[in-house]
Amino acid sequence: SIENINVIHEHIVRLGRLISAQRDDLPTVGHSIDFAHPHIEIQDDEYNYVMTERGVDIVRKKTRNAGEFLMRVFEHVAFSIAVRDMRTIVTDSIDQRRFIFSRQLELLNRLNAKWADVVRQKQSEQLRRSPFDDSSLARAKYCGELRERGLSDSEAWKSACEKYPLPQHTEPHSGGD
């Protein structure tokens, strides 16, 4: 049976404390503050994890399983914390996802190892489509310098990719990521 939304919120707050989540990292309850900040609600006897942007739901994930619901919530909470932490320590020389993914898994592991395993699999799938690219910032900067020197966009990009090669994909890239 579905637990009361306030009981679920208490679980979220308690678990959030275990990973030092700030209030803004956690979803609101029963209402949206918009700007794609997540909120939780119960509708039609299902837990709903919702993100609303300009009054329109851009994400709505539903489940009747409280554990699955909490995993969805903390997948996002841990990601938000990891992004915030990354801003203070990551250098330009690595793909920022290296830190973000690692930190997200570290935080989820503190809460539930199975949640971390599920998210680790999602990360692996994402990296098969879009591998780590530690040269992306250097490539972009060099490309910009070459354009400033008068090279066309395509010439600058080609030269930048020769100097800082693109990562090799492990499966065909469909674009649109």
Legend entry - Carboxylate-amine/guanidinium contact R72 E68, below 4.0 Å: yes
Inset, instruction - Taking the side chain as every heavy atom from C-beta outward, state whether I42 and N48 have any pair of such atoms under 4.5 Å apart. - result: no
Inset, instruction - For residues N65 and T63, report the shortest heavy-atom separation together with the two atoms involved. - result: N-OG1, 3.1 Å
Legend entry - Pair S152-R147, side chain to side chain contact (heavy atoms under 4.5 Å, CB included): steps then yes or no: CA-CA 6 Å; S152 71; R147 284 196 309 262; over 6 Å; no
Legend entry - Heavy-atom pair with the smallest gap, counting every atom of A160 and R139: CB-O, 3.6 Å
Inset, instruction - May I ask you to check whether over 12 heavy atoms, not counting those of R14, lie within 6.0 Å of atom CZ? - result: yes
Inset, instruction - Determine the minimum heavy-atom distance between I19 and L107, stating which atoms define it. - result: CG2-O, 3.5 Å
Inset, instruction - Apply side-chain hydrogen bond (donor to acceptor under 3.5 Å, both in side chains) to the pair Y49 and H39, showing each step before the final yes or no. - result: CA-CA 6 Å; Y49 182 79; H39 71 277; over 6 Å; no
Inset, instruction - Measure from NZ or CZ of K62 to the centre of the six-membered ring of Y47 and say whether it is under 6.0 Å with the direction within 45° of the ring axis. - result: no
Legend entry - CD on E125 to CZ on R120, rounded to 0.5 Å: 13.0 Å
Inset, instruction - State, to 0.1 Å, how close P27 and V77 come at their nearest heavy-atom pair, and which atoms those are. - result: CD-CG2, 4.4 Å
Legend entry - Exercise: identify the closest heavy-atom pair between I12 and F74: O-CZ, 3.2 Å
Inset, instruction - Measure from the side-chain N and O atoms of D57 to the backbone N and O of R60, and report whether any donor-acceptor pair falls under 3.5 Å. - result: no
Inset, instruction - Take W115 and L70 through the side chain to side chain contact (heavy atoms under 4.5 Å, CB included) test and state the conclusion after the steps. - result: CA-CA 9 Å; W115 296 353; L70 289 170; 3.7 Å; yes
Legend entry - Backbone of I81 reached by a side-chain donor or acceptor of D25 within 3.5 Å: no
Inset, instruction - Identify the two heavy atoms, one from Q123 and one from L105, that lie closest to each other, and give their separation to 0.1 Å. - result: OE1-CD1, 3.2 Å
Inset, instruction - Determine, stepwise, if the pair H37 / S32 fulfils side chain to side chain contact (heavy atoms under 4.5 Å, CB included). - result: CA-CA 7 Å; H37 186 87; S32 171; over 6 Å; no
Legend entry - Main-chain N/O of D134 paired with D95 side-chain donor or acceptor, under 3.5 Å: no
Legend entry - Test item: S159 side-chain N/O and A156 main-chain N/O as donor-acceptor pair under 3.5 Å: no
Legend entry - E106/R110 ion pair, N-O < 4.0 Å: yes
Legend entry - Derivation and outcome, side chain to side chain contact (heavy atoms under 4.5 Å, CB included), residues K114 and M71: CA-CA 9 Å; K114 290 180 183 178; M71 184 198 72; over 6 Å; no
